[in-house]
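Predicted model only: the values in this text are computed from it and were never measured. Ligands are counted one by one from 1 in listed order, and the atoms in each one are counted from 1 as well.
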Amino acid sequence: MADNDSRAGARYADEQILTYVNRVHASHDAALAQAFAVPEGIPQIQVGPSEGRLLYLLMKLAGAKKIVEVGTLVGYSAIHMARALPAGGRLWSIEFDPKHAEVARKNIAAAGLADRASVVVGAGRDMLPTLNDQGPFDAVFIDADKQNYDHYGRWAVDHLRPGGLVLGDNAYLFGKLMEDSDTGRAMRGFHELVAAACESVCLPTPDGLVVGIKK
Ligand code: SAH
Ligand code: DHB
Ligand code: MG
């Protein structure tokens, strides 16, 4: 079968293929299903099942013991990552909206992870400094307000151990990465500071996922 397109970024996945691979590799148990089903009034903007699974696998590969997330929503990605922690590991997830945080805490407790995963309520820019003393961290996953990605990325590289992971969802900015806007500039700033401080790549997930290993 000839393929002159995939190196240039062409995608072959269709709905049927994605349903199949998600079922085979990334199916939900009860706790993940609960955190994937968002209550009325809260947006359905979690990472997809394959990205959640990838976060889990990356945390396992990195042997992550201390993880920070910015942007909890209702805990779907947090549950994936917290499940990769060894005994004694911790995850702190920062969430601005108290309604989201309340649902996330319930979902995390239902997943049996309340002993290792905590939700910190407040804005990322205000709450990240309250975690400084817990570092250095093994991984930071950024998935909150896009206009602050450069700020969050800077905090991450300053508080990760060498070899630690920085991850950023929505790295294509919903297709608007190259726009001349505040969010476009912040997201490009994030890409460029991660590339400078890390060995890095932007994985071609539906909306791009930056993965960097701190030098
Ligand atoms: N990581 C989650 C999805 C996060 S959606 C998952 O994959 O399951 C983005 C979240 O970031 C929303 O819940 C939103 O309320 C939160 N958010 C928005 N601005 C924020 C800020 N300044 N600080 C922290 N969280 C913020
Ligand atoms: C939105 C945020 C996200 O992190 C995402 O993955 C998708 C959508 C949003 O704010 O609309
Ligand atoms: Mg996202």
query = Going by distance only, is there an N or O of D97 that falls short of 3.5 Å from an N or O of ligand 1?
reply = no

message = Ring-plane angle category for F36 and Y76, please: parallel below 30°, perpendicular beyond 60°, tilted otherwise.
response = tilted

request  = Using a strict 4.0 Å threshold on nitrogen-to-oxygen distance, state whether D150 and R154 make a salt bridge.
outcome  = no

ask   = Taking distance alone, with no angle check, do G75 and ligand 1 share an N/O pair under 3.5 Å?
value = no

message = Heavy-atom pairs closer than 4.0 Å: do any link ligand 2 to the side chain of D169, the backbone, both, or neither?
response = side chain

ask   = Between Y152 and ligand 1, which residue portion shows a heavy-atom distance shorter than 4.0 Å: side chain, backbone, both, or neither?
value = side chain

query = Which protein heavy atom lies closest to atom 7 (O) of ligand 1, and at what distance to 0.1 Å?
reply = V47 N, 2.9 Å

ask   = Under 4.0 Å between a Lys/Arg side-chain N and an Asp/Glu carboxylate O for D138 and K214?
value = no

Distance filter under 4.0 Å to G124 heavy atoms, resulting ligand 1 atoms = 21 (C), 22 (N), 23 (N), 24 (C)

request  = Quick one: look at E69 and ligand 1, take heavy-atom pairs under 4.0 Å, and tell me if it's side chain, backbone, both or neither.
outcome  = side chain

task = Check for a donor-acceptor pair, side chain of E69 on one end and backbone N or O of F141 on the other, with a separation under 3.5 Å.
result = no

Short N or O distance, D143 and ligand 1, threshold 3.5 Å exclusive = yes

message = Given 3.5 Å as the limit, does a donor-acceptor pair link the side chain of H191 with the main chain of A171, or not?
response = yes

inquiry  = Could you tell me, atom by atom, which parts of ligand 1 come under 4.0 Å of a heavy atom of A123?
reply    = 23 (N)

ask   = Closest non-hydrogen protein atom to atom 18 (C) of ligand 1, residue and atom name please, with distance?
value = D145 N, 4.0 Å

key: Donor-acceptor contact below 3.5 Å, side chain D29 vs main chain L32   = yes

remark   = The answer for which part of N170 has a heavy atom under 4.0 Å from ligand 2 is side chain

inquiry  = Taking A196's backbone N and O only, do any of them form a donor-acceptor pair with K215's side chain (distance below 3.5 Å, no angle check)?
reply    = yes

ask   = Between E192 and R188, is there a side-chain N and carboxylate O pair less than 4.0 Å apart?
value = no

ask   = Do E102 side-chain atoms and K99 backbone N/O form a donor-acceptor pair below 3.5 Å?
value = no

inquiry  = Check whether Q147 reaches the backbone of G184 with its side chain - one donor and one acceptor, N or O, closer than 3.5 Å.
reply    = no

key: H159-W155 aromatic ring centre distance below 6.0 Å   = yes

task = Using non-hydrogen atoms of the residue, decide whether P43 is closer than 4.0 angstrom to ligand 1.
result = no

task = Mind checking whether D169 contacts ligand 1 via backbone (N, CA, C, O), side chain (CB onward), both or neither, at a 4.0 Å heavy-atom cut-off?
result = neither

query = Has K146 got any heavy atom lying under 4.0 angstrom from an atom of ligand 2?
reply = yes

key: Side-chain donor/acceptor of D14 to backbone N/O of I17, under 3.5 Å   = yes

ask   = So which of the N, O or S atoms of D143 lies nearest the Mg ion (ligand 3)?
value = OD1

inquiry  = Using heavy-atom distances only, which candidate in T72, I45, V103 approaches atom 5 (S) of ligand 1 most closely?
reply    = I45

key: Exam field: side chain R90 to backbone A117, donor-acceptor pair closer than 3.5 Å   = no

ask   = So, is F141 polar-close to ligand 1, with some N/O to N/O distance under 3.5 Å?
value = no

note = One finds that the ligand 1 atoms under 4.0 Å from a non-hydrogen atom of Y76 are 8 (O)

request  = Check the angle between the aromatic planes of H28 and H80 and answer parallel, tilted or perpendicular using the 30° and 60° thresholds.
outcome  = tilted

ask   = Between OD2 of D169 and OD1 of N170, what angle is found at the Mg ion (ligand 3), rounded to 10 degrees?
value = 90°

Atom 25 (N) of ligand 1: the protein heavy-atom neighbour that sits closest, reported with distance to 0.1 Å = F96 N, 3.3 Å

request  = Indicate, as side chain, backbone, both or neither, the part of Q46 found under 4.0 angstrom from ligand 1 when only non-hydrogen atoms are considered.
outcome  = both

inquiry  = With heavy-atom distances below 4.0 Å as the criterion, list the atoms of ligand 1 near G122.
reply    = 23 (N), 24 (C)

note = closest protein heavy atom to atom 10 (O) of ligand 2 is I45 CD1, 3.9 Å

